[in-house]
Amino acid sequence: MDLGLGGKRAIVTGGSKGIGKAIALELAREGADVAIVSRTKSDLESAAREIEGETKRKVVALPADVTSKADIDCVVAEAAERLGGLHILVNSGSPPGGSAGATGPIESVVDEDLLHDFNVKYVGALRCARAAIPFMKRHGWGRIINISGTNARNAGNLSGGARNGALVHFTKTLAVQLGRFGITVNCVHPGQTRTERTPRLLAARAAELGVTPEEAEKRDYAPDSPRGNAIGRIVDASEIAYVTAFLASEKSWAISGELIVATGGAGRAVYY
């Protein structure tokens, strides 16, 4: 299927590692030129060289902090200038789990950590969207994809659940506001996803169980395991990227304001 992404220009926050990097790579494979954004310049430049080397598309590394409006306004404008426009925004600019001080029992939650998590994930996405939308309106075509997470559906993580749930609401609100301008807005809920940090986590789990990392994954992600999913393994970051690339594509007009859960079928709840 030709996704119609040839010649499109995209910006991906959190694009130096993990899910964000996988998304940037997939968009470039489909023919888009991409600006990647994160805080660490060396990681960004390394990722940009890797993606550009594989895809032969233009990849621009732009260091920025999503908690800074000045940073975001500057890098979005620079991305549009250097790429020759801007059609796609992927908001993936936050670490998994959130701040340690914003999780756990309510008595232990640190206000400043909770507010910081919202400032990064929710308000960070808002800042990026607000800066990118004028460029999309000029094209009469745009795609915004917010990478959220299944903590929104699972009680226990006060920060992760709240910020991810808020991002779903933000997605629908923007979709209603922007559809008339040819801009769709959607959200993706990854669950446990294989990224650069997974081998270390699996090694620790394997040591705890006294088995190999491969056996630890097989046990923990079996369909009948409390941590498991229907496909019996961890979803790879590249598979989140495939979903995101489709939502960013010319073929996805019928989907806007929606949430796609990409966990390999985790959980037993039924949603109508």
With a 4.0 Å cut-off on N to O distance, would you call Glu78 and Arg82 a salt bridge? yes
Would you name the heavy atoms of Ser148 and His189 that are closest together and state the gap between them? OG-CE1, 3.2 Å
Which pair of non-hydrogen atoms, one from Val12 and one from Gly20, has the smallest distance, and what is that distance? CG1-O, 3.5 Å
Is it the case that more than 12 heavy atoms not belonging to Glu239 sit under 6.0 Å from its CD atom? yes
Quick check on Glu81: does its CD atom have over 12 non-hydrogen neighbours (other residues, nucleotides or ligands) under 6.0 Å away? no
Go through the side-chain N and O atoms of Ser16 and Ser38 and say whether any donor and acceptor fall under 3.5 Å apart. yes
Cut-off 3.5 Å, side chains only: do Arg127 and Asn91 have a donor facing an acceptor? no
State whether the side chain of Glu30 and the backbone N or O of Leu5 hold a donor-acceptor pair below 3.5 Å, judged by distance alone. no
Just by modelled atom types, is the Thr55 backbone N or O under 3.5 Å from a matching donor or acceptor in the Arg29 side chain? no
Taking the side chain as every heavy atom from C-beta outward, state whether [X] and [Y] have any pair of such atoms under 4.5 Å apart.
X	Y	value
Ile183	Lys137	yes
Thr150	Pro190	no
Ser108	Ile106	no

Please tabulate, for the side chains in residues 161-171, all donor-acceptor contacts under 3.5 angstrom to protein atoms that are two or more places apart in sequence or on a different chain.
{"residue": "Arg163", "atom": "NH2", "partner": "Pro95", "partner atom": "O", "Å": "3.2"}
{"residue": "Asn164", "atom": "OD1", "partner": "Lys121", "partner atom": "NZ", "Å": "2.8"}
{"residue": "Asn164", "atom": "ND2", "partner": "Gly149", "partner atom": "O", "Å": "3.4"}
{"residue": "Asn164", "atom": "ND2", "partner": "Gly160", "partner atom": "O", "Å": "3.1"}
{"residue": "His169", "atom": "ND1", "partner": "Thr173", "partner atom": "OG1", "Å": "3.4"}
{"residue": "Thr171", "atom": "OG1", "partner": "Asn146", "partner atom": "ND2", "Å": "2.9"}
{"residue": "Thr171", "atom": "OG1", "partner": "Leu167", "partner atom": "O", "Å": "2.8"}

Without placing hydrogens or testing angles, list every side-chain donor-acceptor pair under 3.5 Å for residues 262-272, not counting sequence neighbours.
{"residue": "Thr263", "atom": "OG1", "partner": "Gly265", "partner atom": "N", "Å": "3.4"}
{"residue": "Thr263", "atom": "OG1", "partner": "Ala266", "partner atom": "N", "Å": "3.0"}

What is the distance from atom CD1 of Ile36 to atom CD1 of Ile11, rounded to the nearest 0.5 Å? 10.5 Å
